[in-house]
Amino acid sequence: MRLVEATGNSTKSWDAAVLAAVKAAKVKTPVGVEVGRLWAELDGPRLSRYHASVKVAYREVQRASVRPSR
């Protein structure tokens, strides 16, 4: 299992920010995500932009070891 860190943002929701971060990680087949930090920008009393910092888990394909020929 490998992890890659990424951040994402959205004007819609926390969920959309997390999904944007997973997409930004550029992992072909993610198997899980750990949300490390959520924060937002304020526009007066309202949240205007949501941000997420995540770690995306994926399985690394194992390559067969090549044995030296004799």
Side-chain angles (χ1 to χ4, degrees):
M1 194 70 69
R2 295 287 206 157
L3 293 174
V4 63
E5 294 185 23
T7 59
N9 62 69
S10 170
T11 57
K12 296 179 182 178
S13 68
W14 299 115
D15 290 349
V18 170
L19 290 174
V22 172
K23 185 176 180 180
K26 297 182 181 177
V27 173
K28 288 183 183 179
T29 53
V31 295
V33 62
E34 176 185 332
V35 178
R37 184 171 167 225
L38 297 173
W39 69 101
E41 296 174 27
L42 293 171
D43 183 15
R46 304 181 90 153
L47 300 177
S48 63
R49 182 170 291 274
Y50 303 86
H51 300 271
S53 176
V54 304
K55 291 181 183 178
V56 180
Y58 65 97
R59 285 188 174 82
E60 186 175 49
V61 177
Q62 299 255 337
R63 295 188 180 121
S65 60
V66 178
R67 294 182 183 177
S69 59
R70 293 183 181 190

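For reference, positions follow the sequence shown, starting with 1.
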Trainee: When rounded to the nearest 0.5 angstrom, what is the spacing between CD in Glu34 and CD in Glu5?
Mentor: 9.0 Å
Trainee: Any idea which heavy atoms bring Lys12 and Ala16 closest together, and the distance?
Mentor: CB-CB, 4.4 Å
Trainee: Drop me the distance from Tyr50's OH to Thr11's OG1, to the nearest 0.5 angstrom.
Mentor: 9.0 Å
Trainee: Verify the cluster assignment for Val35 and Leu3: are they in a single hydrophobic cluster under the rule of side-chain heavy atoms below 4.5 Å apart?
Mentor: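 No, separate clusters.
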Trainee: Considering all heavy atoms of both residues, which atom of Val33 and which atom of Val18 are nearest to each other, and what is their separation?
Mentor: CG2-CG1, 4.5 Å
Trainee: Just do the side-chain contact (heavy atoms from CB on, under 4.5 Å) check on Val31 and Met1 with the steps written out, would you?
Mentor: CA-CA 9 Å; Val31 295; Met1 194 70 69; 3.5 Å; yes
Trainee: Can you tell me how far the CG atom of Asp43 sits from the CZ atom of Arg49, to the nearest 0.5 Å?
Mentor: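 Asp43 atom CG to Arg49 atom CZ measures 11.5 Å (nearest 0.5 Å).
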Trainee: For the residue pair Trp39 and His51, categorise the inter-ring angle as parallel (less than 30°), tilted (30 to 60°) or perpendicular (more than 60°).
Mentor: parallel
Trainee: To check you understand the geometry: which heavy-atom pair defines the closest contact between Asn9 and Ala20, and what is its length?
Mentor: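 It is O-CB, 3.7 Å.
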Trainee: Please give me the minimum heavy-atom distance between Ala6 and Ala21, naming the atom from each residue.
Mentor: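 Closest heavy-atom pair between Ala6 and Ala21: CB-O, 3.3 Å.
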Trainee: Return the minimal non-hydrogen interatomic distance between Ser48 and Leu42, and the atom names on each side.
Mentor: OG-C, 4.0 Å
Trainee: If hydrophobic clusters are built by linking Ile, Leu, Val, Met, Phe, Trp and Tyr wherever their side-chain heavy atoms come under 4.5 Å apart, do Leu19 and Trp14 end up in the same one?
Mentor: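 No; Trp14 is not reachable from Leu19 via cluster members.
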Trainee: If you look at every heavy atom in Thr7 and Ala24, which pair is closest and at what distance?
Mentor: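 For Thr7 versus Ala24, the nearest heavy atoms are O-CB, 3.8 Å.
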